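Take a look at the structure set out below.
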Amino acid sequence: MTQPEQAATAFDALHTRHAAALMQQAYLLTGRPWLARRAVERGFWLAWQRWPEVAVDPDPAGWVRAAVYEYALTPWHRLCPGLRTARGPREPSAAGLSDGALAAALLRLPAPHRRALLLHDGVGLGLDATAAEIEASVPATAGRLRHARERLAALLPQLGLDGQPPERQGEILRARLTALPGPPQVPPPVTGDVRSGSERSARRITRTAFGATWLFALVTLVTIAVTPDHYVPHPERPQAGVPHSRMPADRQRGADERERRSEVREQRDAAREEGNAAVRKKIRQARLAPEIR
């Protein structure tokens, strides 16, 4: 068996063992059957695209589970109309503890609390492993887990969580969560289709990346081609003169007044200069004439 065939066989075995359980967990996280199926499909797509990394991981199932949870809890899914399929009951049933009531109560928890509860009490991870998977500190994870249990105890008194020690609460929730059914009428993705879908997705991403790169290069070349290689000053725009007839009346009057004052000032200065010259002439004549007594 060749190395690619060995990789495909190992991947198919991983998908066969864990796809159904991940579908159930993603459904409990989201309450949307088709979103749960897509999250599992995308998680295995990513695992096959990075199979050399996943194959040597100490917990390949945990690697895929983290990818599935991240995709399932992405906030922008609420903007996709195609993923808004039927939910479970929105309000917990007060009459009895049904599977739908527990699923609805889970959906009323904040997403970080829901994820911590499902990993610790549903999957059975320890507190340290849960904290590592959700990328939070151990005290923060313990706080989320405690608040989630308190909220479920208030929503569903029939669970019998109130007054129980934490270990007993975990046992009760694990028994109930593992017994919950998966999404109705939505089968998990077929093993062979997952690999082919992952390969098609990788080719699509590669073509998109190459197309974006070529487009950027083309835009760069066009920009370089049309940009001059030296500084070209902008031609000076002729200043459009404002016709005298179109000048506002108040501005015209102001200009006329300033011109009149300037003319008056020039005439006054000329007259003063002329008078001063006449006086100086008489003084010179008086100095030159003989004294008459």
Side-chain angles (χ1 to χ4, degrees), residues 18 21-44 46-47 57 59-80 83-85 87-92 99-157 159 161-162 164-180 182-183:
H18 299 285
L22 287 175
M23 278 280 293
Q24 181 200 32
Q25 296 167 32
Y27 177 60
L28 294 179
L29 282 176
T30 63
R32 298 181 173 94
W34 285 105
L35 177 55
R37 189 182 192 279
R38 180 172 292 190
V40 174
E41 189 175 48
R42 294 299 177 90
F44 278 102
L46 190 61
D57 193 272
D59 183 16
W63 195 100
V64 179
R65 181 178 59 242
V68 171
Y69 280 33
E70 288 292 337
Y71 185 86
L73 294 178
T74 302
W76 56 262
H77 288 313
R78 68 189 65 179
L79 304 177
C80 300
L83 299 179
R84 291 193 221 143
T85 54
R87 284 176 172 266
R90 295 186 179 273
E91 296 295 334
D99 292 339
L102 180 55
L106 284 173
L107 292 175
R108 297 184 62 180
L109 300 177
H113 296 183
R114 196 186 321 152
R115 182 176 184 178
L117 181 75
L118 190 59
L119 287 172
H120 188 275
D121 293 342
V123 179
L125 298 183
L127 190 60
D128 293 341
T130 302
E133 185 155 328
I134 65 177
E135 298 180 350
S137 64
V138 174
T141 304
R144 295 178 187 180
L145 187 62
R146 182 177 65 256
H147 289 307
R149 289 172 176 175
E150 292 174 354
R151 180 64 173 164
L152 285 181
L155 291 173
L156 297 173
L159 275 175
L161 298 178
D162 198 12
Q164 298 291 339
E167 294 78 8
R168 179 56 184 163
Q169 290 179 343
E171 294 174 358
I172 295 173
L173 286 173
R174 180 167 176 77
R176 295 293 308 186
L177 292 174
T178 53
L180 289 177

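Not measured: the values here are computed from a predicted model.
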What distance do R114 atom CZ and Y69 atom OH have between them, rounded to the nearest 0.5 Å? 11.5 Å
Taking Q169's backbone N and O only, do any of them form a donor-acceptor pair with Q164's side chain (distance below 3.5 Å, no angle check)? no
What distance separates L180 CG from L102 CG, expressed to the nearest 0.5 Å? 5.0 Å
Nearest 0.5 Å, please: how far is CZ in R168 from CG in L173? 10.0 Å
Residues that R144 engages under salt bridge (charged side-chain N to carboxylate O under 4.0 Å, His left out), provided they are two or more places apart: none
Taking all atoms of both residues into account, what is the closest heavy-atom pair of L117 and L152, and its distance? CD2-CD1, 3.4 Å
Can you find a heavy atom in the side chain of L46 that is under 4.5 Å from one in the side chain of W63? yes
Residues in side chain to side chain donor-acceptor pair (under 3.5 Å) contact with E133, at least two apart in sequence or another chain: R65
Is any side-chain heavy atom of L29 less than 4.5 Å from a side-chain heavy atom of V68? no
To the nearest 0.5 Å, atom CG of L145 lies from atom CZ of R115 at 14.0 Å
Separation between CZ (R149) and NE2 (H113), nearest 0.5 Å, reads 13.0 Å
Which atom of V64 lies closest to which atom of A47, heavy atoms considered: CG2-CB, 3.8 Å
Would you call T141 and L119 a side-chain contact if the rule is heavy atoms closer than 4.5 Å? no
Using every non-hydrogen atom in the two residues, find where A101 and L156 come nearest and quote the distance to one decimal. O-CD1, 4.1 Å
Between L35 and A72 the two heavy atoms that sit nearest each other are CD2-O, 4.0 Å
When rounded to the nearest 0.5 angstrom, what is the spacing between CD in Q24 and CG in L118? 8.0 Å
Residues two or more places apart in sequence or in another chain: which of them pass side-chain contact (heavy atoms from CB on, under 4.5 Å) with R42? R38, W45, Y71
Locate the shortest heavy-atom distance separating R174 from G122; write the atom from each residue and the value. NH1-O, 2.7 Å
Of all heavy-atom pairs between G43 and A67, which one has the smallest distance, and what is that distance? CA-CB, 4.1 Å
Around atom CG of D57, are there more than 12 heavy atoms of other residues, nucleotides or ligands at under 6.0 Å? yes
